[in-house]
Amino acid sequence: FFSTPTTPSQIRLSLVGSEMCIRDRACEVTLQPLERFDLDAAILFSDILTIPDAMGLGLHFVEGEGPKFSKPLNTLSDIDHLYKPDVGSELAYVSDAVSVIKSNLNGKVPLIGFTGSPWTLATYMVEGGTSKAFSKVKGLLYENPKHMHKLLDVLADTIIDYLNSQIEAGADSLMIFDTWGGLLSKDEYYNFSIKYIENIISSTNTSHVPIIYYSRSKSNFDMLKNH
């Protein structure tokens with residue numbers, strides 16, 4: 001293995017841009033915790049923003065600020081011209097990483113693949129990075145809900161292919177991170193997040209692969225239990 005940085009910021013900054021998920025590097029960082037701790041599973045070292053990056057938004061990382069997009073979705077026209085990437089080619093490095101990690105794990109523990117949810121990915125794509133107020137994505141949702149759904153549709157379709165590619169590469173379980181689901185009211189939470197999660201789960205080849213759903217939404221927990 002390479003000599004790997006050990007703090008989160010060092011790891012993130014050493015794997016920026018097109019090198020974020022290069023196969024051997026992703027394998028190294030995924031396996032590193034297992035060498036130090038007796039864990040029940042390994043989770044793929046990647047980033048939830050690989051899909052927007054493959055859509056041409058120009059993902060990069062700034063120390064102390066987190067992920068940034070050089071070409072965020074600033075206009076409705078940007079959403080109209082957004083394309084669904086070919087997961088098999090433009091995101092092949094992720095499934096390649098899954099295959100290599102599985103081989104190195106040699107059955108020791110299961111491997112968890114993952115993705116960001118459509119809503120959470122959309123927040124970063126519209127805001128251009130992290131945000132405190134999320135005013136831009138909220139403005140899109142309230143003022144142009146049809147375009148918000150259009151964006152979520154293309155993201156959900158891409159995520160289905162993305163997760164299926166991880167399953168085919170050997171992932172034993174999958175996790176969907178809906179980090180910013182808590183920004184939404186109860187009705188919005190279903191219409192702009194949960195509805196898309198349900199579609200992803202029903203369209204993914206998960207007959208033998210459990211899916212874990214993560215959300216920071218305490219206010220919508222009762223709805224989450226019913227879905």
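All figures in this text were calculated on a predicted structure; none of them were measured in a lab. Positions are given from 1 along the sequence.
By the side-chain contact (heavy atoms from CB on, under 4.5 Å) test, A42 pairs with T30, L34, L105, V109, L111, sequence neighbours left out. Residues passing the side chain to side chain donor-acceptor pair (under 3.5 Å) test with D153: none are found, sequence neighbours excluded. The salt bridge (Lys or Arg N to Asp or Glu O under 4.0 Å) test applied to K195 returns no partner, not counting sequence neighbours. F114 pairs by the ring pair (Phe, Tyr, Trp, His ring centres under 6.0 Å) definition with F177, not counting sequence neighbours. In this view, I211 and L174, I176, I201, T206 satisfy the side-chain contact (heavy atoms from CB on, under 4.5 Å) rule, not counting sequence neighbours. By the salt bridge (Lys or Arg N to Asp or Glu O under 4.0 Å) test, K71 is found to be paired with no residue, residues two or more places apart in sequence or in another chain being considered. The side chain to side chain donor-acceptor pair (under 3.5 Å) check on D96 picks up nothing, with sequence neighbours excluded. Qualifying side chain to side chain donor-acceptor pair (under 3.5 Å) partners for T123, counting only residues two or more places apart in sequence or in other chains: none. By the side chain to side chain donor-acceptor pair (under 3.5 Å) test, S77 pairs with H81, sequence neighbours left out. With sequence neighbours left out, A169 forms a side-chain contact (heavy atoms from CB on, under 4.5 Å) with S95, V98, S99. The salt bridge (Lys or Arg N to Asp or Glu O under 4.0 Å) test applied to D80 returns K150, not counting sequence neighbours.
T115 and I48 make their closest contact through C-CG2, 4.4 Å (heavy atoms, listed as atom of the first residue, atom of the second, distance). Listed here is the closest heavy atom pair of I212 and S173: CD1-OG, 3.8 Å. Nearest heavy-atom pair across S46 and V94 is OG-CG2, 4.5 Å. A pairwise comparison of heavy atoms in A26 and A97 identifies CB-CB, 4.0 Å as the closest pair. Considering every non-hydrogen atom in both C27 and V100, the closest pair reads SG-CG1, 3.8 Å. When all heavy atoms of V137 and A122 are compared, the closest pair comes out as CG2-O, 4.2 Å.
Between the side chain of T120 and the main chain of W180, a donor-acceptor pair closer than 3.5 Å is present. S203 contributes no side-chain N or O that, together with a main-chain N or O of I200, makes up a donor-acceptor pair within less than 3.5 Å. Proximity of a side-chain donor or acceptor of N144 to a complementary backbone N or O of K146 within less than 3.5 Å is not detected. Counting only distance, with no hydrogens or angles, the side chain of D53 and the backbone of L59 share a donor-acceptor pair below 3.5 Å. Looking only at distances, a side-chain donor or acceptor of D78 sits under 3.5 Å from a matching main-chain atom of T75.
Taking NZ from K108 and CG from L31, the interatomic distance works out to 9.0 Å, rounded to the nearest 0.5 Å. Taking CD1 of I51 as the start and CG of L57 as the end, the distance is 12.0 Å to the nearest 0.5 Å. To the nearest 0.5 Å, atoms CG (L73) and NE2 (H147) are separated by 10.5 Å. We find the CD-CD1 distance between Q166 and I112 to be 11.5 Å, quoted to the nearest 0.5 Å. One finds the CE atom of M125 at 6.5 Å from the CZ atom of F69 (value rounded to the nearest 0.5 Å). Atom CD1 of residue I159 and atom OG of residue S117 lie 6.5 Å apart, to the nearest 0.5 angstrom.
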Q.
L91 vs Y93, test: side chain to side chain contact (heavy atoms under 4.5 Å, CB included). Steps then yes/no.
A. CA-CA 5 Å; L91 289 165; Y93 62 90; 3.7 Å; yes
Q) After noting the C-alpha distance and the side-chain angles of F45 and I101, does the key distance pass the side chain to side chain contact (heavy atoms under 4.5 Å, CB included) rule? A) CA-CA 10 Å; F45 179 79; I101 293 164; over 6 Å; no
Q. Run the side-chain hydrogen bond (donor to acceptor under 3.5 Å, both in side chains) check on S185 and E188 step by step: do they pass?
A. CA-CA 5 Å; S185 69; E188 293 165 354; 3.3 Å; yes
Q) Can you check side chain to side chain contact (heavy atoms under 4.5 Å, CB included) on I160 and N199, steps first, answer last? A) CA-CA 9 Å; I160 290 166; N199 178 44; 4.1 Å; yes
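Side-chain contact between T130 and P67 is present, with heavy atoms from C-beta onward closer than 4.5 Å. In this structure the side chain of Y213 reaches within 4.5 angstrom of the side chain of I194, judged on heavy atoms. By the 4.5 Å heavy-atom criterion applied to side chains, Y190 and E198 are counted as neighbours. Side-chain contact check for T204 versus I167: some heavy-atom pair is nearer than 4.5 Å. Taking the side chain as every heavy atom from C-beta outward, V126 and F134 never approach each other to under 4.5 Å. The shortest side-chain heavy-atom distance between M55 and K84 does not fall under the 4.5 Å cut-off.
For H149 and F192, the ring centers are positioned less than 6.0 Å apart.
Taking a 6.0 Å sphere around OH of Y83, one finds it holds more than 12 heavy atoms contributed by other residues, nucleotides or ligands.
No donor-acceptor contact under 3.5 angstrom links the side chains of Y189 and W119, judged on distance only. Side-chain contact check for Y214 and D178: no donor-acceptor pair (N or O, by modelled atom type) lies under 3.5 Å.
For residues 111-139, there are no salt bridge (Lys or Arg N to Asp or Glu O under 4.0 Å) pairs, not counting sequence neighbours.
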